[in-house]
Structures are given as C-alpha cells and as structure tokens.
Amino acid sequence: MPSREIALNLISSVLDDRRSLTDVLDRGVRGAEKASPADRAFGRLIAVTVLRRLGEIDAIIAERVKRPLPRDAQRVQHVLRIVTAQISFLGTAPHAAVNCAVEQAKRCPGRYASLVNAVARRFAPIPPDRPVEGKVNLPGWLWESWSQAYGTDAAGRIAAVQRTEPPLDVSIAVPADTARWATALDGEALIPGTVRLPRARDVPTLPGFADGAWWVQDVAASLPARLLLAALDDAPSARIADLCAAPGGKTAQLAAAGATVTAVDADPARLVRLRQNLARLNLTVAVVAADARTWAGEETFDAVLLDAPCTATGNIRRHPDIPWLKRPADVTQAAALQRDLLHNAWRLVRPGGHLVYAVCSLQPEEGKRQIAAFLGETGRRVPIAAGEVSGLATPDPDGDLQTLPCDQSDRGGMDGFFIARLRKES
C-alpha cells in the first residue's frame with residue numbers, strides 16, 4: 001500500500017493541484033515519510049507511468065466505465081489510473097494491484113470500492129508492441145504545435161520516445177578520460193566528454209561522483225557550452241557570463257575548460273545547489289544572485305551563455321508532468337521573458353564577443369522565432385556546423401540547431417534543445 005499511496009499523492013499533486021513532480025518530490029511526498037526506498041521508487045514509477053501514458057490509460061478506463069465519474073470523485077479516477085498502469089504496463093500481479101486499488105477506493109470519499117473492484121478485474125496486460133497513435137498521450141495544442149513545426153511523422157516519433165524511461169548521461173570533467181569512465185561506470189562513450197548509462201542509477205554511490213570526476217547532464221544539454229567554447233580563440237583566457245546558470249552543469253563545462261566564469265541566477269535555492277555542485281567538482285566560479293534581465297555586471301564579457309527559462313517541452317522524457325502543467329499562455333509568457341533576457345545578455349557581450357542562446361523547448365516561439373526577431377534588430381549568426389555536434393543532430397540551413405527527443409532514438413534519445421550562436425560586431 002505505501003507505494004500506491006505515494007503514487008496517488010504524486011498524481012493528485014500534478015493533475016489536481018498543478019504542481020510539478022520535481023517540486024513535490026523535493027518538498028516530500030505525503031505518505032513517503034515512513035516508506036521504504038523500494039516503496040518510494042515504485043510509487044514514483046507508477047506515477048510517472050500514469051503521466052506518460054495518461055491518454056492510453058484513460059481510454060482503457062473509459063471502455064469499462066461507461067459514465068464518467070463525478071468531479072468530486074477525482075481521487076477514485078486516479079486510483080483507477082494507478083491500477084491500470086500496474087496491470088497494463090508494469091507487469092504487476094493483477095490480484096495485488098486490484099486488492100490495493102480496492103483498499104485505496106475505500107479511503108476515498110463516496111462508495112466506489114465495488115466499482116473499482118469490478119472494473120479493475122477486467123484489466124489485462126498490454127502487448128509492448130501494440131501500435132499507439134502519437135497524439136493520444138498529449139494535449140491537443142501541444143500535438144498541433146509539434147506537427148506544424150516538425151511534421152506529423154516527427155511529432156509521432158517525439159511522442160513515442162516520450163513514453164520511455166530515458167538513460168542517464170554524465171559529463172566528464174576531463175574529456176580525454178571519457179573512455180576510462182565509460183568502462184568504470186559500465187556505460188557507453190556517446191561523444192567525447194559524455195558517457196551514457198542505460199538506465200537511472202543511485203548517482204551518489206557511483207565511482208567518481210564524490211571525487212568530482214563527472215556530473216549528470218543530458219548530452220543535448222551539454223551542447224550549448226560546447227558550441228560557445230568552440231567559437232573562442234582561447235577558452236582558458238576567456239571571461240564568460242553564464243546567465244540563469246543553476247544548477248550548474250554548463251557552468252562546470254565552462255570552468256573545467258579553464259575560462260573565468262561568472263554564474264548568475266535569481267533563485268537562492270538553486271544557487272545553493274550550484275555552489276554545492278561546483279564545490280564537489282573543485283571548480284572556482286564567481287557566483288552572483290541577480291535577475292539576469294537587469295544585471296549589469298562591472299564589465300562586458302568575451303562570451304555570454306544564456307540558457308533561458310522556458311516551457312521545457314524538450315524535457316518531457318524526464319519530466320512527464322510537463323504536458324499536463326503547461327498551457328499555450330505559458331509559451332507566450334516564456335517568450336516575453338526570454339526576449340528581455342536576450343536583450344540584456346547582448347548588452348553584456350563585448351564587441352567581437354559571442355552569445356549562445358539556448359532553451360530546452362520544442363516550441364518555435366521560444367527558439368527559432370525568438371532568434372529571428374532578435375536578429376532583425378542586431379547581431380549576426382555564427383552558424384553551427386554538423387561536425388561540431390558529433391552527428392547527434394543536424395543544424396538547419398541558417399546554422400541554428402534544434403535537437404529533438406527522438407534524435408538518436410536507437411541509442412536512447414536526447415533532450416530537445418534549440419541553440420543559436422551569435423557574434424557582436426560592434
């Protein structure tokens with residue numbers, strides 16, 4: 001029961017209270033206080049499975065519950081989602097899943113235990129190769145956006161990889177040691193500086209973590225800093241500002257390359273984590289608590305990296321709550337914030353210096369259209385070449401890069417990132 005209660009509270013927090021999974025897990029899930037690590041892990045797995053396959057699960061339930069449950073029976077709907085996920089997708093023994101569901105239903109308002117018992121006993125495992133329509137597990141607006149931007153086929157491939165558990169990527173502090181750490185971590189050297197582990201692991205217990213030999217960072221998230229460093233004539237002598245820097249993966253890349261780095265972020269809690277990460281990695285960086293929309297600094301920089309806050313629709317593999325939390329208005333709001341950040345970031349770049357703009361979003365308003373509007377006012381691109389990203393994805397004809405979650409799908413996929421590299425002439 002503890003794992004199912006954890007799952008129920010996680011699902012309710014996301015779908016009813018509109019809180020992010022990360023926020024709920026960081027602050028502590030109700031019901032997890034006395035649960036074992038195994039129960040907490042299974043509870044999270046159930047919740048994540050429900051969120052990844054919500055459309056499929058609700059369709060399975062609708063086939064068996066002819067009349068929708070009343071609005072005040074939302075927790076009972078979640079109980080049905082939990083038992084469906086277990087039997088249909090997780091291979092849980094049906095009798096165990098049904099018994100727990102009935103007990104959970106008894107604790108919900110109303111008299112639904114008999115309904116849950118009758119419905120749940122009719123569920124059956126779903127064949128893993130069963131075809132799934134791409135849009136079924138996504139809100140309509142998000143599917144339409146991706147279909148228009150990338151085509152229906154690509155949108156379907158993005159949706160398919162979104163249903164899977166992503167691998168774990170780590171960035172190696174000394175890229176020349178990539179092969180050695182791939183062996184030590186029982187992983188794969190994906191590109192120089194990145195090792196991919198096939199599944200999630202207990203990160204602090206892995207070799208090299210305590211020594212600061214590497215840090216967790218999706219391979220796509222490593223590309224903005226790589227592309228910025230590649231544009232510099234002499235990275236170790238460069239002064240670089242990393243805006244919206246926390247939790248510090250890109251900051252670590254820049255500092256490990258020898259650059260003098262100033263990391264700026266407005267969130268005090270995230271800055272605590274950034275400092276902790278840099279301390280473990282034995283890297284020295286100037287850390288500034290400030291709003292990057294207005295921060296002036298004492299001087300201009302050779303380069304600025306702006307990984308701007310966004311809707312994070314490129315990170316759905318890792319955060320399956322995102323489709324159910326975001327709305328079209330969030331895209332508009334994020335784009336306005338990014339516009340302000342871009343203009344201030346540009347003021348911080350010295351003449352002849354570089355700016356890399358990145359967002360972990362698949363929405364063109366936050367990526368391609370954002371840069372197109374900005375370049376209408378000032379600056380020019382330094383096009384990204386295919387060889388600079390080790391064949392992971394293909395830059396567009398303008399030299400911007402949009403990675404998709406379905407890129408490298410045969411190796412586990414990657415996060416969705418838009419990246420543009422600019423140079424300030426004067």
Step by step, work out the salt bridge (charged side-chain N to carboxylate O under 4.0 Å, His left out) result for Asp218 and Arg318. CA-CA 10 Å; Asp218 187 84; Arg318 302 186 188 281; 2.6 Å; yes
Sub-3.5 Å donor-acceptor pair from the side chain of [X] to the main-chain atoms of [Y], do we have one?
| X | Y | answer |
| --- | --- | --- |
| Gln104 | Arg4 | yes |
| Asn315 | Ala312 | no |
| Thr49 | Leu45 | yes |
| Asp39 | Ala35 | no |
| Tyr150 | Leu362 | yes |
| Trp215 | Ala252 | no |
| Gln402 | Gly416 | no |
| Arg411 | Arg196 | no |
| Lys368 | Glu365 | no |
| Gln77 | Ala73 | no |

Taking the side chain as C-beta and beyond, is there a heavy-atom pair between [X] and [Y] under 4.5 Å?
| X | Y | answer |
| --- | --- | --- |
| Asp415 | Val219 | no |
| Ile60 | Ser88 | yes |
| Arg339 | Gln370 | yes |
| Leu223 | Ile384 | no |
| Lys250 | Val261 | no |
| Leu305 | Leu355 | no |
| Asn117 | Arg121 | yes |
| Thr22 | Asp321 | no |

Using every non-hydrogen atom in the two residues, find where [X] and [Y] come nearest and quote the distance to one decimal.
| X | Y | result |
| --- | --- | --- |
| Leu306 | Cys244 | CD1-SG, 4.0 Å |
| Lys106 | Ala113 | CG-CB, 3.8 Å |
| Ala296 | Leu348 | O-CD2, 3.1 Å |
| Ala120 | Ile87 | O-CD1, 4.0 Å |
| Ser171 | Gln217 | OG-OE1, 2.6 Å |
| Trp324 | Leu51 | NE1-O, 3.1 Å |

Is the Trp295 ring parallel, tilted or perpendicular to the Phe301 ring (thresholds 30°, 60°)?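 Judged by the thresholds at 30° and 60°, the geometry between Trp295 and Phe301 is tilted.
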Looking only at side-chain N and O atoms, does [Y] offer a donor or acceptor that is under 3.5 Å from a partner on [X]?
| X | Y | result |
| --- | --- | --- |
| Asp242 | Thr251 | yes |
| Gln363 | Arg369 | no |
| Asn277 | Arg280 | no |
| Asp16 | Ser12 | yes |
| Asn137 | Glu56 | yes |
| Glu366 | Thr311 | yes |
| His78 | Arg75 | no |
| Thr194 | Arg226 | yes |

Nearest-0.5 Å distance, [atom1] of residue [X] to [atom2] of residue [Y]:
| X | Y | atom1 | atom2 | result |
| --- | --- | --- | --- | --- |
| Ser36 | Phe42 | OG | CZ | 11.5 Å |
| Glu133 | Trp143 | CD | CH2 | 7.5 Å |
| Arg40 | Leu25 | CZ | CG | 11.0 Å |

Apply side chain to side chain contact (heavy atoms under 4.5 Å, CB included) to residues Leu190 and Val195 and explain how you reach the verdict. CA-CA 6 Å; Leu190 199 59; Val195 170; over 6 Å; no
Is [Y] paired with [X] through a side-chain N to carboxylate O contact shorter than 4.0 Å?
| X | Y | value |
| --- | --- | --- |
| Lys326 | Asp330 | no |
| Asp177 | Arg180 | yes |
| Glu165 | Arg52 | yes |

What donor-acceptor contacts under 3.5 angstrom involve side-chain atoms of residues 286-294, with partners at least two apart or in another chain?
residue	atom	partner	partner atom	Å
Asp291	OD1	Arg293	N	2.9
Asp291	OD1	Arg293	NE	3.1
Asp291	OD2	Arg293	NE	3.1
Asp291	OD2	Arg293	NH2	2.8
Thr294	OG1	Asp291	O	3.4

Between Leu228 and Arg421, is a side chain to side chain contact (heavy atoms under 4.5 Å, CB included) present by the stated rule, with each step listed? CA-CA 7 Å; Leu228 181 61; Arg421 185 170 58 190; 5.8 Å; no
Using side chain to side chain contact (heavy atoms under 4.5 Å, CB included), reason through Leu341 and Leu243 one step at a time and then give a plain yes or no. CA-CA 9 Å; Leu341 288 165; Leu243 306 184; 5.9 Å; no
Phe209: ring pair (Phe, Tyr, Trp, His ring centres under 6.0 Å) partners, not counting sequence neighbours: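 Expected list: Trp214.
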Neighbour count above 12 (heavy atom, 6.0 Å) for [X] [atom1]:
| X | atom1 | result |
| --- | --- | --- |
| Arg273 | CZ | no |
| Arg111 | CZ | no |
| Asp186 | CG | no |

Decide whether a cation-pi geometry holds between Arg53 and Phe89; the criteria are a distance under 6.0 Å from NZ or CZ to the six-membered ring centre and an angle within 45° of the ring axis.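 Judged by the rule, Arg53 and Phe89 form a cation-pi pair.
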For Tyr357 and Ile371, what are the C-alpha separation, side-chain angles and deciding distance, and is it a side chain to side chain contact (heavy atoms under 4.5 Å, CB included)? CA-CA 8 Å; Tyr357 171 78; Ile371 286 299; 3.6 Å; yes
